[in-house]
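This one's a predicted model, so the numbers in the text were calculated from it and none came from an experiment. What's counted below: heavy atoms across the whole structure, side chains too, no hydrogens, waters or symmetry copies.
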Amino acid sequence: WAPAVAPAINVSSLDWPELQSTVSACTACELHQSRTQTVFGTGDRSAEWLIIGEAPKADEDQQGEPFVGDTGQLLNNMLRALGLRREQVFISNILKCRPTDDRDPQPEEFTTCETYLQRQIALVAPKMILAMGGVAAHSLLKVKTPVTKLRGELHHYGEIPLVVTYHPAYLLRKPSEKAKSWADLQFAASTVKGAQK
Ligand code: URA
């Protein structure tokens, strides 16, 4: 075991191919030892929406793409209900590697990995960040407030508007909460539309 260390390389000037190859070679925390591959993120690299989940699970670790399992199907359906195809948004995670046994990401793992996400955010320059679930919301907003309290309000990550909603995995366990998540998505969509005026 070795303590997480920030990536030695300064990623803030990297372009997409450089960033992607830096991420795929990353050994900055212990998660590199157990991953099959990194899960960089997928979609439109100049999207209006940046969707951020927690961390890759087994399916994503195998396929190298975020949200490809059951949760991915639900996410795709949620996006479709908004009139968006998966390819029209950019989807990534708090962590680029799967935590062993799918345990929760540790704060120091996110601190190490955050520079990559920050560079992705700067490159995409989205109009809206949708943080799905407590891990994404707490990591990005640096608070511990429950998702129930964070949703329904407009937050910001730096200058970028950010809306918190439930994680699709939670919605699969608790379908009765889908209506609230739909309200969150509509709230986020109205903010994106407002920004275009
Ligand atoms: N859950 C997440 O948060 N991200 C994925 O990529 C898959 C499942």
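At distances below 3.5 Å, at least one donor-acceptor pair connects side-chain atoms of Q37 with backbone N or O atoms of Q62. Formation of a donor-acceptor pair under 3.5 Å by the D59 side chain with backbone atoms of V68 is not found in this model. Between the side chain of R119 and the backbone N or O of L14 there is at least one donor-acceptor pair closer than 3.5 Å. Although no hydrogens or angles enter the test, the distance criterion places no donor-acceptor pair under 3.5 Å between the side chain of D101 and the main chain of R103. A donor-acceptor pair is defined here as one N or O able to donate and one able to accept, closer than 3.5 Å; such a pair exists between the side chain of S24 and the backbone of S21. Checked by atom type and distance alone, the side chain of S92 pairs as donor or acceptor with a backbone atom of F40 at under 3.5 Å. Proximity of a side-chain donor or acceptor of N93 to a complementary backbone N or O of K96 within less than 3.5 Å is not detected. A distance-only check finds a donor-acceptor pair linking the side chain of E109 to the backbone of Q106 [under 3.5 Å]. For the pair H155 (side chain) and L141 (backbone), a donor-acceptor distance under 3.5 Å is absent.
Interatomic distance, L140 CG to Q118 CD, rounded to the nearest 0.5 Å: 9.5 Å. Atom OG1 of T38 is separated from atom NE2 of H32 by 12.0 Å, given to the nearest 0.5 angstrom. With rounding to the nearest 0.5 angstrom, the NE2 atom of H138 is 11.0 Å from the CD atom of E54. In this structure, the separation between OG1 on T71 and CG on N76 is 9.5 Å, given to the nearest 0.5 Å. Taken from CG in L50 to CG in L162, the straight-line distance is 9.0 Å, to the nearest 0.5 Å. Remark: L95 CG to C29 SG distance equals 7.0 Å, nearest 0.5 Å.
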Legend entry - Residue pair D102, R98: steps toward the salt bridge (Lys or Arg N to Asp or Glu O under 4.0 Å) verdict: CA-CA 7 Å; D102 298 328; R98 180 189 181 194; 2.8 Å; yes
Inset, instruction - Check step by step if side-chain contact (heavy atoms from CB on, under 4.5 Å) holds for D61 and R35. - result: CA-CA 7 Å; D61 174 73; R35 73 179 179 225; 3.8 Å; yes
Legend entry - F67/H167 under ring-ring contact (aromatic ring centres under 6.0 Å, His included): CA gap, chis, key distance, verdict: CA-CA 11 Å; F67 287 98; H167 193 284; 5.6 Å; yes
Legend entry - Evaluation steps, side-chain contact (heavy atoms from CB on, under 4.5 Å), between Y170 and S181: CA-CA 11 Å; Y170 172 76; S181 201; over 6 Å; no
Inset, instruction - Kindly determine whether E114 and K142 satisfy salt bridge (Lys or Arg N to Asp or Glu O under 4.0 Å), including the steps that lead there. - result: CA-CA 12 Å; E114 188 176 16; K142 319 279 187 227; 3.1 Å; yes
Inset, instruction - Could you go through the side-chain contact (heavy atoms from CB on, under 4.5 Å) check for K127 and W49 one step at a time? - result: CA-CA 6 Å; K127 293 204 169 79; W49 290 70; over 6 Å; no
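Ring centers of F90 and W16: under 6.0 Å apart, within the cut-off.
Side-chain contact between I129 and V163 is absent, with no heavy-atom pair separated by less than 4.5 Å.
Applying the 6.0 Å contact sphere to CG of D70 captures no more than 12 heavy atoms from other residues, nucleotides or ligands.
Paired with M132 under the rule side chain to side chain contact (heavy atoms under 4.5 Å, CB included), one option of V147, L75, I52 passes, and it is L75.
Across every non-hydrogen atom of P56 and P99, the tightest pair is O-CD, 3.8 Å. P105 and A55 get closest at one heavy-atom pair: CG-CB, 4.1 Å. Scanning both residues, A47 and Q88, for their nearest heavy atoms gives CB-O, 3.4 Å. Residues A136 and I94 share a closest heavy-atom pair of CA-CG1, 3.6 Å. Here the closest heavy-atom approach between residue L172 and residue P175 is recorded as O-CD, 3.9 Å. Among all heavy-atom pairs drawn from L19 and L123, the shortest one is CD2-CD1, 4.0 Å.
Salt bridge E177/K180: present, at least one basic N to carboxylate O contact under 4.0 Å. With respect to E65 and R86, a salt bridge is recorded, a charged nitrogen being found less than 4.0 Å from a carboxylate O.
Under the 4.5 Å side-chain heavy-atom criterion for ILVMFWY residues, no single connected hydrophobic cluster contains both V39 and I51. In the hydrophobic clustering of ILVMFWY residues, with side-chain heavy atoms under 4.5 Å counting as a link, L117 and V124 come out together.
Evaluation of the salt bridge (Lys or Arg N to Asp or Glu O under 4.0 Å) test over residues 146-167, restricted to residues two or more places apart or in two chains, returns R151-D184.
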